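So the structure is just underneath, and the comments pick up after that.
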Number of protein chains: 2
Amino acid sequence: MPMGLTADELRQLDSFVDERRRIKRGERLYAAGSTFDALFTVRLGSLKTAVLFEDGREQVTGFHMLGELIGLDGISTEAHTCSAHALEDSEVCLLPFSRLEDFSRRIPALQHHVHRLLSSEIVREQHNMLLLGTMRAEEKLASFLLDLSDRYLRRGYSASEFVLRMTREEIGSFLGLKLETVSRLFSRFQEAGLIIAQQKYIKILDANGLRQLIGPPD
Amino acid sequence: MPMGLTADELRQLDSFVDERRRIKRGERLYAAGSTFDALFTVRLGSLKTAVLFEDGREQVTGFHMLGELIGLDGISTEAHTCSAHALEDSEVCLLPFSRLEDFSRRIPALQHHVHRLLSSEIVREQHNMLLLGTMRAEEKLASFLLDLSDRYLRRGYSASEFVLRMTREEIGSFLGLKLETVSRLFSRFQEAGLIIAQQKYIKILDANGLRQLIGPPD
DNA sequence: CGCGGATTTGAACGGAGTCAATCCGCGTGG
DNA sequence: CCACGCGGATTGACTCCGTTCAAATCCGCG
């Protein structure tokens, strides 16, 4: 949480972001339906969030890495609508929401920041809707790789070389594809010289080539 | 905006929800990229919001009717990421956002309400992602009809009989389908005795039948 | 009353899904 | 330390749902 706060305000904020929680790979941070009372920021590792259906089908709604905020869906009804699982051993930091509300009444810059965070999540999801609703399989996967690449870059990691933390099935669920399709596309991208994909290891050889895949079929 | 506010607080609120705007059918309330400074609530008519792609493809992100709030995506960057068009002659009420922030610092109940509204939008979009990513065409359209039905009901209209305000193409864009597919499904639902669909007029004959369409294939 | 956009319907196609067989590699336990 | 087991990944063959292309019809609106 950056933003134009005074030193004093920052000290106040520090006072309530103390509690942390460790989650082992595969474990659940919270389940859909569980009561909401705090947001979480990722301090270490990465998580996925997913909404699920009566019949067992699930839709992955996001993959979350260092610094990202999860749990915003819980504010609305005081209960989470999605579940959150760790993709690897991870650690999150708790932000008790009612305290966050108290602080943000006192600190306008924080209040505005909270609003922007909520709104960003809406924008992110709109982007996903566009991806799910209008893109072809190839475009979806290319977008996905470029998005990951960008997020690693911002965190100071390599934009062109990284290790996926999620399975083909989870990628597929996120993109509205089956795992076999995801796998086949990785192979096709590799044959086309766009990437190297060996299981979870990914190296992007031609980011512009990936970008050009996104666009009208023609 | 209901919520547990005192009479005095309500009076304060009234003072800033005065400005209204009329939009004719097909006209635009705001464009993607335009600067954000206010939210809008629908007072009359209905609107659609859509995100669009460089290449012209568009994804309808929602249809909005009486009482619903639009523009929340603009908070994040002070610019709208989607555009809003009137589906019929409509009227919206402006809520200048910075004033809303001021008020909500002073009135905790309002502050919490704003948070819940933002969060509800996140939940709504998660639901759409599930729809777009995991449902088959038939399930998508059945969900869509049941959702509309429910929203009309809450507003005191008939849940079983209504007039669509959007075209087959707009429905298709919202559901991630082509307009021909939407049209064919309406016909199939009609043959199956689930609905009557004559152009924009819809009558739901068997809501439970529609509900049963939603679920694992077989 | 006539025009043009919206809708319906048909036929053929193709992209992604399904089913199935194999392969890989990581972690575990002997 | 190595062998084994098992979940994840790859690949192939075939299917099918939704798209595409095309034509006809409907209907609201000027």
Side-chain angles (χ1 to χ4, degrees), chain A residues 24-26 48 57 59-60 85 87-89 131-145 163-192 195-202 213-218, chain B residues 24-26 48 57 59-60 85 87-89 131-145 163-192 195-202 213-218:
Chain A
K24 281 213 154 57
R25 170 201 175 89
K48 69 165 177 181
R57 282 182 285 181
Q59 170 70 37
V60 170
H85 288 259
L87 294 172
E88 59 190 311
D89 292 356
L131 182 147
L132 288 166
T134 78
M135 288 191 185
R136 289 167 302 103
E138 199 179 64
E139 297 180 280
K140 289 177 178 181
L141 192 64
S143 300
F144 173 71
L145 288 174
V163 173
L164 298 174
R165 309 260 92 123
M166 66 296 280
T167 67
R168 300 290 189 259
E169 186 166 20
E170 287 163 335
I171 296 171
S173 169
F174 181 65
L175 300 177
L177 300 173
K178 293 292 151 179
L179 67 115
E180 295 94 329
T181 305
V182 174
S183 180
R184 264 184 258 274
L185 286 170
F186 274 129
S187 303
R188 260 175 45 197
F189 286 0
Q190 182 156 255
E191 279 167 44
I195 64 171
I196 291 171
Q198 279 158 10
Q199 312 279 127
K200 309 245 159 167
Y201 168 82
I202 299 285
L213 287 184
I214 304 168
D218 87 49
Chain B
K24 280 214 156 57
R25 170 201 175 90
K48 68 165 178 182
R57 282 182 285 182
Q59 171 70 35
V60 170
H85 288 260
L87 294 172
E88 59 191 310
D89 293 356
L131 182 146
L132 287 166
T134 78
M135 287 190 185
R136 288 167 302 105
E138 198 178 65
E139 297 180 281
K140 289 177 178 180
L141 192 65
S143 299
F144 173 72
L145 287 174
V163 173
L164 299 174
R165 311 260 92 123
M166 66 297 280
T167 67
R168 300 291 188 258
E169 186 166 20
E170 288 163 334
I171 296 171
S173 169
F174 181 65
L175 300 177
L177 300 172
K178 295 289 151 181
L179 70 115
E180 295 93 330
T181 305
V182 174
S183 178
R184 263 184 259 275
L185 285 170
F186 274 128
S187 303
R188 260 175 47 196
F189 286 1
Q190 181 156 257
E191 279 168 43
I195 63 172
I196 292 171
Q198 279 159 10
Q199 311 281 127
K200 309 245 158 161
Y201 169 81
I202 299 286
L213 287 183
I214 304 167
D218 76 66

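The basis for the numbers below is simple: all heavy atoms, side chains too, and nothing from hydrogens, waters or symmetry mates. Worth saying up front: this structure is predicted, and the values here are computed from it rather than measured.
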From [atom1] of [X] over to [atom2] of [N], roughly how many Å is that when rounded to an integer?
| X | N | atom1 | atom2 | value |
| --- | --- | --- | --- | --- |
| A:E138 | C:dG17 | CD | P | 14 Å |
| B:M166 | C:dT7 | CE | P | 11 Å |
| A:I196 | D:dT10 | CD1 | P | 14 Å |
| A:M135 | D:dG18 | CE | P | 21 Å |
| A:R165 | D:dA9 | CZ | P | 13 Å |
| A:E191 | D:dT10 | CD | C1' | 12 Å |
| A:L175 | C:dA16 | CG | P | 12 Å |
| B:R188 | C:dG10 | CZ | C1' | 15 Å |

Check: Pick the nucleotide of DNA chain D nearest each of A:F186 and B:K178; which residue has the one closer to the 5' end?
Finding: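 Result of the comparison: A:F186.
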Quick one: label [X] by what it contacts on the DNA or RNA (base, sugar-phosphate, nothing), any heavy atom closer than 4.0 Å.
| X | result |
| --- | --- |
| A:R136 | sugar-phosphate |
| B:S183 | base |
| B:T167 | sugar-phosphate |
| B:L177 | sugar-phosphate |

Check: Can you tell which of C:dA20, D:dG18, D:dA9 lies closest to the side chain of A:E180?
Finding: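 Selected nucleotide (nearest to the side chain): C:dA20.
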Note to self: Nearest to the side chain of B:T181, heavy atoms from C-beta on, is which of D:dT10, C:dT9, D:dG18?
What the structure shows: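 Nearest to the side chain of B:T181 among the choices is D:dG18.
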Check: Once you round to the nearest 0.5 Å, how far does CE of A:M135 lie from CZ of B:R57?
Finding: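 With rounding to 0.5 Å, CE (A:M135) is 6.5 Å from CZ (B:R57).
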Notebook entry, point to check: More than 12 non-hydrogen atoms from neighbouring residues, nucleotides or ligands closer than 6.0 Å to CD on B:E88, yes or no?
Noted result: yes
Notebook entry, point to check: If you draw a 6.0 Å radius around CZ in A:R25, do more than 12 non-hydrogen atoms from other residues or ligands fall strictly inside?
Noted result: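 No - once you tally the heavy atoms of other residues, nucleotides and ligands closer than 6.0 Å, there are 12 at most.
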Notebook entry, point to check: In the strands shown, is C:dG30 matched to any nucleotide by a Watson-Crick or G-U wobble pair with both distances under 3.5 Å, and which?
Noted result: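 Partner of C:dG30: D:dC1.
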Checklist line | Counter-base of D:dG30, judged by Watson-Crick or G-U geometry with both distances under 3.5 Å | finding: C:dC1
Checklist line | Pair of N/O donor and acceptor under 3.5 Å linking C:dG17 base with A:R184 side chain | finding: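 No pair found.
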Check: Hey, does the side chain of A:S143 reach the backbone of A:E139 with a donor-acceptor pair shorter than 3.5 angstrom?
Finding: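 Checking the backbone N and O of A:E139 against the side chain of A:S143, a donor-acceptor pair under 3.5 Å is found.
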Notebook entry, point to check: Quick one: does A:D89's side chain have a donor or acceptor within less than 3.5 Å of a partner on A:K24's backbone?
Noted result: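 No: the side chain of A:D89 does not pair with the backbone of A:K24.
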Next item on the list: May I ask you to verify if any side-chain N or O of B:K200 is less than 4.0 angstrom from the OP1 or OP2 atom of C:dT7?
Entry: yes
